[in-house]
Amino acid sequence: MVLGLLGLKVGMTQVFDSDGKMAPVTVIELGPCRVLQVRTQERDKYHAVQLGFKDKLRRKAIRAERGHVASEFSSKRRDSMKQAGVKILEKANCEPQRYIREFRLAAAPAADLAVGAVLTGEKVFKVGQHVDVIGTTKGRGYTGVMKRHNFHGLPAAHGSKKNHRTAGSTSSHASNRGSGRPKKGHKAAGQYGHERVTIRNLDVVRIDTDKNLLLVRGAIPGPNGGLVMVQPTNKKDIPTPEARAAAEKAKRKGKGVDVKKK
Amino acid sequence: MKNKLMAAVEEPGLKKEVPQFEIGDNVDVHQRILEGEKERVQIFSGLIISRKGEGMNEMFTVRRIVQGEGVERTFPLHSPKIAKVDVKRSGKVRRAKLYYLRDRIGKDATRLRERKKKTPIVAPSAVPVNTPAATGGQTK
């Protein structure tokens, strides 16, 4: 229920902080995102903003995509709406957008989040903040239990016959109270990957306003070039960067005292 | 080829003056160490046995023998903690990675290396110069 931004995963590298410590970071090309629509309680029964990211060539966009961002657009439907006197929603008047996602909000958005507004990384995030990154993991297809669930498989020798990567027994009368079938949610072979995953609580290491880059500490789901959604974390009790720095300093000091005592 | 955006992220962190050394060099690695509030320089001297990675990920490995035990440390080339790398002596080597030294025992293992036949003709040894002899051994 917080405002986030859309971005593309660029890749991973490492950077040194001011202390000379190395941090593994993921580079995200974040925004600028344009507000295409504002969902309101009265009309849509919920609050949200719809963001678009990355322009799309007009000739490659379908008419619906073009009409979604243009207030001056002629179509049978819109013309008839106009004739009937139905008010057409406000449009962002920009190029058709390649990626469009909604961010749900708890309350009506602030006034500067009107249709057509452009959001960039530094407006929404700041360095040291914790963010959640939502992406789609790399698809691995239909995989067996060893790859998908880290099962150990069966022995390679000792009389195993043609059963080396199987799961083994899936149920028994004792474990399942005589139902005669495996428990619900039993781990088995199946589609692995290509699912929506949220990685929570990643540090924002750096924000590059010129190139619209956001660096977060750690890995995020998906391949390089994959779409991700970045939003402030929903984890609670996250200390502020200042508080964390103070805690670290205290820790360091404590160590120093110990050394002296010895 | 590296992604342009990626290069832009790494660029400010890369050292303007990259330490010059080659595989097989005996070096002193000057490392800044923070002790409490004070900073001092610690020197790790040994033999460069490997250099790998590119850009920000470039690392080099220094091997030395301490009390009969081989010790290796791998440093990030672009780490701000690495103050400088002093080349003390150059060895003549025919490999890019000197991992075979790990299997050697005793005196002839690490310390005794053939010296380079010719020192760079023009340059005094303290100044890194791109003579053919200095760059010839490097892969990039």
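Computation of the quantities below employed the complete heavy-atom set of this structure, encompassing side-chain atoms and omitting hydrogens, waters and symmetry-equivalent molecules. Chain letters run A, B, ... following the sequence lines, proteins first and then strands; every chain starts at 1.
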| request: Would you name the heavy atoms of H78(B) and F16(A) that are closest together and state the gap between them? | output: O-CE1, 3.6 Å
| request: List the atom of M6(B), the atom of G11(A), and the distance in Å for their closest heavy-atom pair. | output: CE-C, 3.2 Å
| field | Closest non-hydrogen atom pair, Q14(A) against M56(B) | value | O-CG, 2.9 Å
| Flag if over 12 foreign heavy atoms under 6.0 Å of CZ, R32(B) | yes
| note | Closest non-hydrogen contact found for S79(B) with G20(A) is OG-O, 4.5 Å
| request: Kindly check if the number of other-residue, nucleotide or ligand heavy atoms within 6.0 Å of NZ (K147(A)) is above 12? | output: no
| query | Can you check whether V9(B)'s main-chain N or O pairs, donor with acceptor, with R206(A)'s side chain at less than 3.5 Å? | reply | yes
| message | Looking at R200(A), I want to see if its CZ is surrounded by more than 12 non-hydrogen atoms of other residues, nucleotides or ligands under 6.0 Å. | response | yes
| remark: The reported gap from CD1 in I28(A) to CG in L5(B) (rounded to nearest 0.5 angstrom) is 12.5 Å
| query | Would you find more than 12 non-hydrogen atoms of other residues, nucleotides or ligands less than 6.0 Å from R95(B) atom CZ? | reply | no
| note | In this structure, CE of M12(A) is separated from CG of N57(B) (nearest 0.5 Å) by 10.0 Å
| message | To check you understand the geometry: which heavy-atom pair defines the closest contact between D19(A) and K81(B), and what is its length? | response | O-CE, 3.0 Å
| request: Flag yes if more than 12 heavy atoms outside K52(B) fall under 6.0 Å of its NZ atom; otherwise flag no. | output: no
| task | Counting only heavy atoms closer than 4.5 Å, note whether N224(A) contacts chain B via side chain, backbone, both or neither. | result | neither
| In this structure, are over 12 heavy atoms from other groups packed under 6.0 Å from H149(A) atom NE2? | yes
| request: Output the distance between atom OG1 (T13(A)) and atom CD (E10(B)), rounded to the nearest 0.5 Å. | output: 3.5 Å
